[in-house]
Amino acid sequence: MDLFDLSGRAALVTGGNGGIGLAMAAALGRAGANIVLAARDADKGEAALAALRRDGIDARFVAFDAGDSQSCRDAVHAGAAAFGRLDILVCNAGMSIRKLPEDLAEAEWRQVMAVNLDGPFFCAQAAFPAMKARGRGKIITIASVYASLGAPKVAAYAASKGGVAQLTRSLAAAWAPHGIQVNAIVPGWIDTDLTARARVDVAGLADAVVARTPAGRWGVPGDLAGAAVFLASPASDFVTGTMLEVDGGYLSRG
């Protein structure tokens with residue numbers, strides 16, 4: 001048996017229409033999985049589907065708002081219906097509002113928490129019955145180096161990602177008896193549309209990241225592909241509750 005073969009399995013990737021979400025979806029598809037992308041931007045979703053299909057990947061799109069609990073449930077159910085099963089859930093959708101904590105409005109704080117922390121919980125909760133019935137499942141959350149670090153303008157983001165890390169461990173402990181593994185990928189600084197805005201907001205950020213990262217560069221979305229396939233595959237059947245850092249060594253430096 002190929003430990004990394006996902007043939008015949010179905011994966012739902014939230015926020016999968018671009019950036020690291022699309023890179024992970026493509027990797028899972030190339031390993032054999034059928035893919036459902038869940039995101040808000042349908043036009044961007046259609047472009048992502050076209051890219052996946054050019055690689056011979058069977059993929060569908062469902063509308064999704066990560067900050068709305070019912071939308072989370074609906075997307076998971078629609079994703080499971082698309083291929084008649086749901087084996088893999090990747091909770092990737094996320095956002096950040098870069099402000100000093102004293103300047104964050106209550107609505108902004110709650111928006112970041114709803115998308116980054118509530119969304120993964122409600123998606124995982126909705127996926128649980130089908131995975132439990134099958135006796136196996138893989139849930140991958142996306143944490144951040146800011147689950148372990150702080151910075152002046154990431155109070156809401158860091159708090160939400162710290163919550164994701166603890167949610168991941170708690171779900172792993174609860175659902176391991178049902179054959180479900182729950183793990184988090186911890187990206188470092190990855191070159192995406194989201195971090196492009198940070199480079200504009202924070203003078204010198206690009207050079208500072210390279211200086212701290214032992215690998216000597218920013219990451220690219222494809223750097224997360226191998227981690228996603230590993231955590232979605234039989235190769236990780238005895239791995240649960242872990243934080244898999246894909247950061248070029250960023251957290252290894254104090």
Check the pair L231 / L244 against side chain to side chain contact (heavy atoms under 4.5 Å, CB included), numbers first and verdict last.
CA-CA 9 Å; L231 292 178; L244 178 53; 4.1 Å; yes
Inter- and intrachain pairs under salt bridge (Lys or Arg N to Asp or Glu O under 4.0 Å), touching [range], at least two apart:
range	answer
residues 103-115	K99-E108, E106-R110
residues 226-245	K138-D237
residues 168-188	none

Spell out, as yes or no, whether a donor-acceptor pair under 3.5 Å connects the side chain of S160 to the backbone of N116.
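No, S160 side chain to N116 backbone: no donor-acceptor pair under 3.5 Å.
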Under the 3.5 angstrom rule, does the side chain of T240 hit a backbone N or O of V182 as a donor-acceptor pair?
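Looks like yes, one N/O pair under 3.5 Å.
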Side-chain heavy atoms under 4.5 angstrom apart, residues restricted to Ile, Leu, Val, Met, Phe, Trp, Tyr: same cluster for L89 and F230?
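No, L89 and F230 fall in different hydrophobic clusters.
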Using the test salt bridge (charged side-chain N to carboxylate O under 4.0 Å, His left out), find all partners of [X] that sit at least two apart in sequence or belong to another chain.
X	answer
R199	D191
R60	D58
D223	R217
R53	none

4.5 Å side-chain heavy-atom contact, [X] and [Y]:
X	Y	answer
L12	V76	yes
I185	L224	yes
S233	L6	yes
I180	R136	no
R9	P234	yes

Between S71 and D65, do the side chains contain an N or O donor and an N or O acceptor separated by less than 3.5 Å?
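No, because no side-chain N or O of S71 sits under 3.5 Å from a partner of the opposite role on D65.
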Taking atom types as modelled, is there a side-chain donor on N183 or T242 under 3.5 Å from an acceptor on the other?
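Side chains of N183 and T242: pair found under 3.5 Å.
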If you apply the rule side chain to side chain contact (heavy atoms under 4.5 Å, CB included), what do you find for Q181 with V239, and how did you get there?
CA-CA 7 Å; Q181 290 82 53; V239 178; 5.9 Å; no
Quick test of your reading: applying ring pair (Phe, Tyr, Trp, His ring centres under 6.0 Å), list the pairs with at least one residue in residues 49-95, sequence neighbours left out, ordered by first then second residue.
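Those involving residues 49-95 do not exist here.
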With sequence neighbours left out, which residue pairs that include part of residues 194-225 fulfil the ring pair (Phe, Tyr, Trp, His ring centres under 6.0 Å) condition?
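Found W189-W218.
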Residues 139-158 side chain polar contacts: donor-acceptor under 3.5 Å, at least two apart:
from: T141; atom 1: OG1; to: T168; atom 2: OG1; distance (Å): 2.7
from: S144; atom 1: OG; to: Y146; atom 2: N; distance (Å): 2.9

Run D87 and R85 through side chain to side chain contact (heavy atoms under 4.5 Å, CB included) and show every step you take.
CA-CA 7 Å; D87 305 280; R85 59 190 293 164; 2.8 Å; yes
Please report the interatomic distance CG(L104) to CD(Q111), rounded to the nearest 0.5 Å.
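Output value for this atom pair is 11.0 Å.
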Scan the side chains in residues 20-46 for donor-acceptor partners under 3.5 Å anywhere in the protein, sequence neighbours excluded, and list what turns up.
from: D41; atom 1: OD1; to: D43; atom 2: N; distance (Å): 3.2
from: D41; atom 1: OD1; to: K44; atom 2: N; distance (Å): 3.0

Sequence neighbours excluded and cut-off under 3.5 Å, please list the side-chain donor-acceptor pairs for residues 117-135, or say none.
none

